[in-house]
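Within every chain, numbering begins at 1; the chains are lettered A, B, ... in the order of the sequence lines, protein sequences first and strands thereafter. Side chains are part of it too, since the values below use all heavy atoms of this structure and drop only hydrogens, waters and symmetry mates. Fair warning: this is a prediction, and the values are worked out from it, not measured in the lab.
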Number of protein chains: 2
Amino acid sequence: MATIKDVANLAKVSVATVSRVINNAENVSDKTRETVKKAMEKLNYYPDANARALSQQNSKTIGIVVADVSDPFFGAMVSTVEKVASKTGHFLLIGNGYHNEQQEYNAITHLIEHRCSSLVVHAKMLPDNKLVRLMEQVPGMVLINRSLKNFEKRCISLDDRYGSYLAVKHLIQHGHTKIGYLCSNHEISDSSDRLQGYKDALKEYNLEINSNYIAFSSPNEQGGEQAMMALLERNREITAIACYNDSMAAGAMSVLYDNDIKIPTDVSIIGFDDLLIARYLHPKLTTIRYPLHTMAEQAAELALRLAKGEEPPSNLINIFTPTLTKRYSVNKIG
Amino acid sequence: MATIKDVANLAKVSVATVSRVINNAENVSDKTRETVKKAMEKLNYYPDANARALSQQNSKTIGIVVADVSDPFFGAMVSTVEKVASKTGHFLLIGNGYHNEQQEYNAITHLIEHRCSSLVVHAKMLPDNKLVRLMEQVPGMVLINRSLKNFEKRCISLDDRYGSYLAVKHLIQHGHTKIGYLCSNHEISDSSDRLQGYKDALKEYNLEINSNYIAFSSPNEQGGEQAMMALLERNREITAIACYNDSMAAGAMSVLYDNDIKIPTDVSIIGFDDLLIARYLHPKLTTIRYPLHTMAEQAAELALRLAKGEEPPSNLINIFTPTLTKRYSVNKIG
DNA sequence: CTGTTAGCGCCTTCAT
DNA sequence: ATGAAGGCGCTAACAG
């Protein structure tokens, strides 16, 4: 692969001049610029990004770690950050944590090794203390979907508990009292917070919390199927179901259909996240909106600022509030 | 950020020794290794990946370009390649082409600049001649979902036309004769090939090709809605619909429901790709299986081999054959 | 406007 | 088993 030297030789100029052309410096005569460009073209020259990063001490790349790019939730997150990155002339490096502490850690350190000055990190398995150490070392590191003590200003998260509370309250206000909950079995705050929101709503309306009404499984379609089946086995009286997320709701709906239970006539169901799929299930899913796009965008911009040594904007929203998106999967009872 | 020199100083050894520890070289005494590791720990040392890549002339990273990571189809593709990468100790660099020639080109050159020795490229807008030039320059570059003349051995693609033919034949065999087609409006071979497959099947059974039965729109849920509405406006007699992909099918189904048209009682529908969503639509979608996982895996492994200067395995499958996945969205007519 | 040169952080012979 | 030193490709003063 051709180097800057090859180009300089061919164009009969110094490497400095070639470098200037690469970087669009002003002080190069049009004629020289032309010959250099021709030489680059002829040699199929691609400036080595690693060498540039080393020399400039700046890799112009922003890193992101998510649990799994192939999950639509994280896909949307990555996509948003990518847009911010490319708009500011950065390249995006992605790491997958796969819901595993060690892999989350590896992903983050990999990005640090690549000298990403800005980091948007979604890591839920890594314990606080390890995260703290990393946050101290990397000023451009921002946490998304998690709030870390003493670093609140560098965290963008959602009030999960409130979102879930909203969902269940919506069901209660439609007359439901026997409300099941499909819970994620991941041992992270998202799961416990959302479950807590469910309980909050029940308590507020003096409804009993029945552990038979709660089923745990993986927070995806298949998990939704399993959890729904478990719930069905144990109860016939449930008239409404709140779900950890839209994917579980989709799985649950398919099981309900298989059992000839009509939605929302027989059973109402509500999701969480408001992913694309919610609009294309039948009936269209009523759900809780997770303002992922805005949050990811803010996180990316914050990371960029912090990396430059700037302060977080004073009006920055660190904890977002979910809202209800009404569609057609919830009915008044009776 | 600490450098190898800092570590060497603190550990009172030379940088060479530190380098050996970093690379797990044999010839370092246990004692020295210990002190060096302690020093690294103390300084929060992260070896600079850019410097290593430069010095080793090998970035240990594989690059992938897709149209859009946030699209579930490409999410799955990226995820598969990522697994191959991490299994072989590589890091993954992702570029988005956004269905745009210039952006596809930029994405690829970015990856080349980062000295990814292996490249898995999904680029459909870039014309053949540009692609040829790149393929010539980068021996570890592999094309996915596209076949390039004279580079067939470095391409992994699907027989789109046959897949679509299979789908429509399936509908015909269920007695349908008035069959609509929801076509992608992207001007790429995928669109025209799949449309051609639709026509092939009709011809084989001596059915008329009616241009009123074909609607074009974006190959996503929203496009499916639009195309379906267009079809509905123009025809009442259609009893079955073949779709460019599952996303369009999902959009179409939601429109059919909105218009009180029952699936599959009134209208049968068939998708393409067999993404996760197909199993969670109601009714579960009959579709054409795109063996994406296998294909992406093969592409990644091929790219890795080629980068090492090895030949493609002789038994490599370059053109995959789609298959039919029967579910519940297609009925016998009448 | 252009060239010379000293690093950037790390690896890799080659000595010792 | 360890150290010294040149080089990877590029940038950034500094000179001219």
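- The phosphate of dC8(C) (OP1 or OP2) has no side-chain N or O of Asn50(B) nearer than 4.0 angstrom.
- Under the 3.5 Å distance criterion, the side-chain polar atoms of Asp71(A) are matched with a main-chain donor or acceptor of Phe73(A).
- Within the nucleic acid shown, Val13(B) comes within 4.0 Å of sugar-phosphate atoms alone, with no base atom in reach, counting heavy atoms only.
- Close to dG9(D), at under 4.0 Å from its OP1 or OP2, lies a side-chain N or O of Gln57(B).
- Proximity of Arg52(A) to the phosphate of dT11(D): a side-chain N or O atom is located under 4.0 Å from OP1 or OP2.
- The backbone N or O of Tyr98(A) lies less than 3.5 Å from no partner atom in the side chain of Gln103(A), so there is not a single donor-acceptor pair.
- Contact annotation: Thr3(B) does not reach the phosphate of dC8(C) (side-chain N/O to OP1 or OP2, under 4.0 Å).
- For the residue pair Lys83(A) and Ser79(A), a side-chain donor N or O sits within less than 3.5 Å of a side-chain acceptor on the partner.
- Remark: Thr17(A) is not in phosphate contact with dC1(C), judged by side-chain N or O atoms under 4.0 Å from OP1 or OP2.
- Asn27(B) comes within 4.0 angstrom of a base, heavy atoms only.
- Look at Asn23(B) and you'll find a side-chain N or O under 4.0 angstrom from OP1 or OP2 of dC11(C).
- Of the candidates dC10(C), dA4(D), dT11(D), the closest approach to any side-chain atom of Ile4(A) belongs to dT11(D).
- With dC10(C), dA13(D), dC10(D) as the candidates, the nucleotide lying closest to the side chain of Ala51(A) is dC10(D).
- Arg115(B) places no side-chain N or O within 3.5 Å of a backbone atom of Gln57(B) that could act as its donor or acceptor partner.
- Distance Lys12(B) NZ to dT2(D) P: 16 Å, rounded to the nearest Å.
- Both Arg33(B) and Ser55(B) lie near DNA chain D, and the one whose nearest nucleotide falls closer to the 5' end is Arg33(B).
- The CG atom of Asp30(A) sits 15 Å away from the C1' atom of dT2(C) (whole-angstrom rounding).
- Among the heavy atoms of the strands lying under 4.0 Å from Ser19(B) is at least one base atom, whether or not backbone atoms are also near.
- A donor-acceptor pair under 3.5 Å links the side-chain atoms of Asp6(A) to the main chain of Thr3(A), judged by distance alone.
- Here dT11(D) presents its P atom at 15 Å from NZ of Lys5(A), a figure rounded to the nearest Å.
- With Ser55(A) contributing its side chain and Ala51(A) its backbone, the two residues share no donor-acceptor pair below 3.5 Å.
- Put simply, the side chain of Arg20(B) and the base of dG3(D) share a donor and an acceptor less than 3.5 Å apart.
- The phosphate of dC10(D) (OP1 or OP2) has no side-chain N or O of Tyr46(A) nearer than 4.0 angstrom.
- Between Asn58(A) atom CG and dA12(D) atom C1' there is a gap of 14 Å when expressed in whole angstrom units.
- With rounding to whole Å, Leu54(A) atom CG is found 10 Å from dT11(D) atom C1'.
- For Asn24(A) and dA12(D), the CG to P distance is 13 Å, given to the nearest whole Å.
- Between the CE atom of Met40(B) and the P atom of dC10(C) there is a distance of 11 Å, given to the nearest Å.
- Distance Asp48(B) CG to dG9(D) C1': 14 Å, rounded to the nearest Å.
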